[in-house]
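Letters A, B, ... mirror the listed sequences (proteins, then strands); counts begin at 1.
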Amino acid sequence: MSQPFYITTPIYYVNSKPHIGHAYSTIIADALKRFYRMAGRDTYFLTGTDEHGDKVVRAAQEAGMNPKSYADEISDMFRALWPELGIEHDQFIRTSYPEHQKVVQYVLQRVYDTGDIYFSEYEGLYCFGCERFYTEKELVDGKCPDHKTAPEKISESNYFLKMSKYQDWLANHIKKNPDFITPERYRNEVLAFLKEPLEDLCISRPKTRLQWGITLPFDDKYVAYVWFDALLNYISALGYPDGELFKRYWPVAHHIIAKDILKPHAIYWPIMLKAAGIPLYKHLKVHGYWNVDESKMSKSIGNVVDPLRIKNTYGSDPFRYFLAREMAFGLDSNFSESALIQRINSDLANDLGNLFSRSVSMIHKYFGCVVPKPVSGVETDLDSALAEDAISMVKTAQKEIEGFAFHKGLMSIWEFINKLNKYIDTNAPWSLAKEKGGRARLQTVMYNVMEGLRIVCGMIFPFIPATSQKMRKYFGLDPDRIFTLSDLSEWGGLKPGVVVPKAIALFPRVDVKKGGDVSLTVKPEIEFKDFETLDLRAGIVLEAEAIPNSKKLLKLKVDIGEERQIVAGIGASYAPADLIGKKVIVVANLKPTKLMGVLSQGMILAAVSQKRCYVPTVQGDVEPGTKVS
RNA sequence: GGCGAUGUAGCUCAGUCGGUUAGAGCAUACGGCUCAUAUCCGUAGUGUCCGGGGUUCAAAUCCCUGCAUCGCCA
């Protein structure tokens, strides 16, 4: 049996839809799985969803659903997304599965029996509106930030895990195993955290305030804390304690996570395993955040990038390539559609796609669709240099991928792609084809080009598998089988005589409209009922005057069936007199406010670009107060 | 407030143990080629290596200090 390789993503919390960060973790895991398959390892790839806890209950309430159907819906979104992105996980686990719940209860009981879980009462500040405890520092002026009410001091009894007992052991383990948590900055962060005394972990929630969870086996009045439940997915999915998968793939796990869930994975999880007498996972690999257009991704800014939309617009492989190429694993990176388009056009279409296209069409033109045989006796230093470059590229890329430096691995592959382009230009096959006696050399050159491409095709497989599979048949290979690293470590694997299909554009160029901003960030989708909350009315501007000491503000009197005073920031683009008599569109139910001390009872719609604004008007004979929708 | 990371070309970043003239890609300009997806190849640049101080024959690199951004902790 070959050496096992077990890779996991976090199980994603179902309180919100998939975003680009989820896509990154999962794509990286997929690429690693593919890479280690090529290396001949016995691989297993797990992903899934985390579904319990009060945040899910609240998100479900907001959506007007019960937690179970809400979790089903979001979980299905994740499950449906992964095939779209070319991801081939071996298992999709949900914490709502009975098999998982059984394992959680088994482990809880096991730890309870060792005496590391104790029952205790504690006092805290509880907001009944939020149904949760707050710490002092979370409060604003001593009040709940959501409900603006003072939380009440209540006491509650709960079960706790003795973390402190394992603190020194864990710190030592991390110190002794430098590759336990990587990159180093996160390892240091955890070690710094462990210098302070660890508080015991509250691992239960009373059912009086949370029912959506797994019942404690030793006290049915409580459910398990969501992290204690969720982390165990990594072994419950393998059928712990007796499953074949568990015996085969534990504990050689690589857990991939983003930095926001470092603490549960680096501290709670090892201690849980230790307390339950289970061997520790081997590696925790921590990556950074994706910012979007230079700002933090957040629901309130409305800049959350929907991976499915990107895939539908640009294709799965370009998206995968961009994510893997652009982020230095461990550091934050920036996502923008203009950067994505630039990568697609320069790296994928121009460098690789065009190289492939020019090479294949020369095989057609000069050799009637058949890979020629290299001729001995006409080799030059250029040929041996190319072969050496190919072999060393494979070695370098392998080393970088194993070290999670995916961007560097891809860079080394693309350096070789550039060398192939240069090799073609230097040897100028189109000239050889015309020269008398150039035939032997032409055969050799074109064989080498195709052989180089074969190796590229193999090395890009982990990152852009669909493209790699498309390319395979040009080398006479079965698209459904995969390369092994040893196939790629030797020059000359390509068989002369292979029939090469007609050239295709692997990556169409993305047209960038001149001067236009290519990246369109759309706010999150809304329901029609959300739109209906707006009350838009046609109105006629009766009066308009500038507000003193303000550059942009105008005070308007608008008839919308009743007279409204509205302050509008359009003074830089419109003179007051221009507006009088215009039929404008007014947001009639906007909460009144004061701008520079002047009351404004509504808002006028305007298209705003950086320099100017344009007020849309209603054409035709429309009564003031007419609804606009 | 404590700890840590980062700061290098217009942009994104690499830069090993302190050691030649600080590099790559993208973008820009010019030249070449015609097999190719208006692609490819070549040439050309531009630098207060965040500021200040120190150690050294020699500092982007080591030390101190200030600033900025970010993270963890309180």
Side-chain angles (χ1 to χ4, degrees), chain A residues 135-138 181 183-199 258-264 266-267 286-291 293-296 318 321-322 325-336 338-367 382 396 400 405-434 438 442 445-446 449-450 453 467 500 502-512 514:
Chain A
T135 59
E136 296 277 2
K137 66 176 175 176
E138 285 175 309
I181 301 169
E184 204 179 349
R185 52 193 316 187
Y186 298 109
R187 177 173 179 259
N188 291 340
E189 212 169 284
V190 174
L191 283 171
F193 185 80
L194 285 173
K195 279 179 192 156
E196 303 297 320
L198 269 186
E199 274 184 36
K259 62 184 181 182
D260 57 333
I261 50 175
L262 176 61
K263 213 202 292 182
I267 295 173
V286 189
H287 67 76
Y289 283 152
W290 281 97
N291 296 323
D293 297 330
E294 309 296 336
S295 46
K296 219 168 176 172
Y321 175 78
F322 180 83
R325 173 65 184 79
E326 202 74 5
M327 176 173 267
F329 192 91
L331 304 177
D332 291 357
S333 285
N334 190 53
F335 180 89
S336 72
S338 53
L340 170 63
I341 290 171
Q342 191 165 66
R343 285 271 174 226
I344 292 173
N345 284 344
S346 69
D347 295 9
L348 297 180
N350 293 354
D351 290 349
L352 175 56
N354 182 60
L355 167 66
F356 175 77
S357 165
R358 70 196 299 214
S359 307
V360 169
S361 72
M362 281 191 279
I363 294 289
H364 278 250
K365 205 163 211 166
Y366 304 137
F367 298 104
L382 293 172
T396 308
E400 299 295 7
F406 308 108
H407 66 305
K408 287 188 186 173
L410 285 167
M411 273 165 79
S412 69
I413 298 170
W414 256 256
E415 268 170 39
F416 179 69
I417 288 171
N418 292 337
K419 281 177 181 155
L420 274 170
N421 269 320
K422 198 170 298 189
Y423 177 83
I424 293 176
D425 275 48
T426 316
N427 286 290
W430 50 91
S431 303
L432 291 172
K434 290 176 199 156
L442 181 63
V445 167
M446 287 313 300
V449 169
M450 292 302 284
L453 268 172
T467 305
V500 179
K502 200 163 173 282
I504 50 164
L506 291 175
F507 306 99
R509 287 179 63 81
V510 180
D511 273 333
V512 184
K514 277 173 199 157

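- Shown here, B/C49 forms no base pair; nothing in the strands shown gives a Watson-Crick or G-U wobble contact with both key distances under 3.5 Å.
- What separates CG of A/Asp351 from C1' of B/U39 is a distance of 10 Å, to the nearest Å.
- B/C3 is paired with B/G71 under the criterion used here, namely a Watson-Crick or G-U wobble arrangement in which both key atom distances are under 3.5 Å.
- For the pair A/Ile417 CD1 and B/U37 C1', the interatomic distance rounds to 15 Å; values are reported in whole Å.
- Nearest-nucleotide positions on RNA chain B place A/Asn188 closer to the 5' end than the other of A/Asn188 and A/Asp347.
- Here the side chain of A/Asp332 pairs no donor or acceptor atom with the backbone of A/Gly288 at under 3.5 angstrom.
- Atom CG of A/Leu262 and atom P of B/G4 are 18 Å apart (whole Å).
- Counting to the nearest Å, the P atom of B/C70 and the CD atom of A/Glu189 are 16 Å from each other.
- Rounding to whole angstrom units, CG of residue A/Leu198 and P of B/A74 are separated by 11 Å.
- B/G7 and B/U16: their P atoms are spaced 11 Å apart (whole Å).
- Atom CZ in A/Phe193 sits roughly 12 Å away from atom P in B/C72 (whole-Å rounding).
- A donor-acceptor pair under 3.5 Å links the side-chain atoms of A/Ser359 to the main chain of A/Leu355, judged by distance alone.
- Within the 4.0 angstrom heavy-atom criterion, base atoms lie near A/Phe507.
- Side chain of A/Asn345 to backbone of A/Arg509: no donor-acceptor contact under 3.5 angstrom is found.
- To the nearest whole angstrom, the two P atoms, one in B/C63 and one in B/A27, are 38 Å apart.
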_Test salt bridge (charged side-chain N to carboxylate O under 4.0 Å, His left out) on A/Arg358 and A/Asp425; report intermediate values, then the result._
CA-CA 11 Å; A/Arg358 70 196 299 214; A/Asp425 275 48; 3.0 Å; yes

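- Residue-level contact check: A/Lys195 touches neither bases nor backbone, having no heavy atom under 4.0 Å from any strand.
- Judged by Watson-Crick or G-U wobble contacts below 3.5 Å, the nucleotide B/C57 has B/G19 as its partner.
- As a whole-Å value, the separation of A/Asp425 CG from B/C35 C1' is 9 Å.
- Nucleic acid contact class of A/Arg509 (heavy atoms, under 4.0 Å, all strands): base.
- At distances below 3.5 Å, at least one donor-acceptor pair connects side-chain atoms of A/Tyr186 with backbone N or O atoms of A/Gly330.
- One atom, CG of A/Asp332, and another, C1' of B/G7, lie 15 Å apart when rounded to the nearest Å.
- Among the heavy atoms of the strands, none lies under 4.0 Å from A/Leu331.
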